[in-house]
Amino acid sequence: MHKLSHIAIVIMAACMVALTGVVVHREFFAPSVTGAPPAVRKLDNWEKLARTGHVLGHASAPIKIVEFADYQCPYCGSAAEALHRMVERSHGRIAVVYRHYPLTRIHPYALDAALAAECASNQGRFAAYHDALFRFQDSLGVWAWTRYAQVAGIADTTRLKDCVVHQRTLSRIEHDRAVGDSLHLTGTPTFIAAGKLFSGMPPDSVWYALLGLAS
């Protein structure tokens, strides 16, 4: 009887571990890139979400894509390169508005990376620091934030370090995260464009179809 109880406990524990893994994957990781359109949720008054955040591309671009992302998220790293390419090819038609949504329960360096990016913005170097974080994403937790600052061409690395240590830009990240929570985001990257909200990075052809543009 004792042996049977022990086996039952082991089976239950294994089931709980498996279930936890499924839930974590579903809630925090975006699907891989496919040719199929992503699951889309319509969103009213979405344009106001593009009024706060960091514009990557031309600020006057008529088409804005709002991105909620996490610097330690591998899917976000892949998306960053694809988005950069799409913005460049759009010749000023498309810009990305970056907003923070660090998944701190599974990414221990995501919050500090977001803080550092905001500290870089205080010195007018957000885009360069953003690009450095994703370009050397595998060095998060290994490199000091000042080393990323050197890559991003930030002159006053001491000021940036002090800013990160004292979390001087925390309120900006908390604001973005609160907005993301209000939208019931389930993973990163999540995008909002043309009144549509969806997770995961589709290929360029699907993007253009979603935005109503010719590729």
Side-chain angles (χ1 to χ4, degrees), residues 16-50 52-56 64-87 94-118 130-131 133-138 140-141 170 172-211:
M16 287 300 293
V17 169
L19 179 60
T20 299
V22 170
V23 171
V24 168
H25 187 276
R26 184 185 68 225
E27 290 188 353
F28 296 116
F29 291 93
S32 58
V33 174
T34 68
V40 171
R41 171 159 50 106
K42 291 184 179 180
L43 198 65
D44 295 328
N45 301 318
W46 70 273
E47 294 93 341
K48 66 181 181 181
L49 298 170
T52 303
H54 295 279
V55 178
L56 305 174
K64 297 290 197 308
I65 298 170
V66 180
E67 177 189 18
F68 284 86
D70 170 316
Y71 284 114
Q72 203 175 345
C73 160
Y75 292 107
C76 299
S78 298
E81 183 178 349
L83 287 169
H84 181 77
R85 180 179 64 247
M86 189 165 64
V87 168
I94 300 173
V96 174
V97 180
Y98 187 93
R99 303 195 65 169
H100 303 283
Y101 200 69
L103 304 176
T104 52
R105 282 186 281 175
I106 57 173
H107 294 153
Y109 308 112
L111 177 58
D112 280 352
L115 288 167
E118 286 295 333
H130 163 280
D131 292 349
L133 286 170
F134 279 130
R135 182 182 175 189
F136 299 103
Q137 189 181 55
D138 58 351
L140 289 174
L170 181 60
R172 302 178 200 171
I173 288 90
E174 289 181 333
H175 175 73
D176 277 359
R177 190 154 51 182
V179 173
D181 289 343
S182 73
L183 294 170
H184 308 291
L185 302 190
T186 58
T188 55
T190 292
F191 300 100
I192 302 166
K196 307 176 185 73
L197 181 151
F198 54 93
S199 297
M201 182 66 186
D204 289 357
S205 59
V206 176
W207 258 119
Y208 287 117
L210 285 167
L211 297 173

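Along the sequence shown, residues are numbered consecutively beginning with 1.
To the nearest 0.5 Å, atoms CZ (R41) and CG (L197) are separated by 4.5 Å. Taking NZ of K42 as the start and NZ of K196 as the end, the distance is 8.5 Å to the nearest 0.5 Å. Rounding to the nearest 0.5 Å gives a distance of 11.0 Å between NE2 of H84 and CZ of R135. Interatomic distance, E47 CD to N45 CG, rounded to the nearest 0.5 Å: 7.0 Å. Atom CE of M201 sits about 4.0 Å away from atom CG of L83, to the nearest 0.5 Å. Rounding to the nearest 0.5 Å places OG of S205 at 9.5 Å from CG of L210.
Taking each heavy atom of I65 and A193 in turn, the nearest pair found is CG1-CB, 4.1 Å. When every heavy atom of G187 is checked against every heavy atom of S199, the shortest pair comes out as O-OG, 4.4 Å. Taking each heavy atom of V97 and G53 in turn, the nearest pair found is CG1-CA, 3.9 Å.
The aromatic ring centroids of H107 and Y71 lie 6.0 Å or more from each other. Taking the six-membered ring for Trp and the full ring otherwise, the centers of F68 and H100 sit at least 6.0 Å from each other.
For D181, the side chain to side chain contact (heavy atoms under 4.5 Å, CB included) partners two or more places apart in sequence, or in a different chain, are Y101, R177. A search for salt bridge (charged side-chain N to carboxylate O under 4.0 Å, His left out) contacts involving E118 returns R172, not counting sequence neighbours. The side chain to side chain contact (heavy atoms under 4.5 Å, CB included) test applied to W46 returns L43, I192, not counting sequence neighbours. Residues passing the salt bridge (charged side-chain N to carboxylate O under 4.0 Å, His left out) test with R85 are D204, sequence neighbours excluded. Residues passing the salt bridge (charged side-chain N to carboxylate O under 4.0 Å, His left out) test with D112, sequence neighbours excluded: none. When the side chain to side chain contact (heavy atoms under 4.5 Å, CB included) test is applied to A80, the partners found at least two apart in sequence or on another chain are F134.
Counting heavy atoms from C-beta outward, L115 and L170 have side chains that approach closer than 4.5 Å. Side chains of L49 and V179 form a contact here, defined as non-hydrogen atoms less than 4.5 Å apart. For the pair I94 and L211, the minimum side-chain heavy-atom distance is below 4.5 Å. Contact of the T190 side chain with the L183 side chain is not registered, since no non-hydrogen atoms from C-beta on lie closer than 4.5 Å. Side-chain contact between H175 and R99: present, with at least one pair of heavy atoms (C-beta onward) separated by less than 4.5 Å. Proximity of L56 to V87: side-chain heavy atoms (C-beta onward) are nowhere separated by under 4.5 Å.
Ring geometry, F191 versus F198: the interplanar angle falls from 30° to 60°, so the pair is classed tilted.
Between the D70 side chain and the L103 main chain, a donor and an acceptor come within less than 3.5 Å of each other. With hydrogens and angles disregarded, a donor-acceptor distance shorter than 3.5 Å links the side chain of Q72 to the backbone of Y109.
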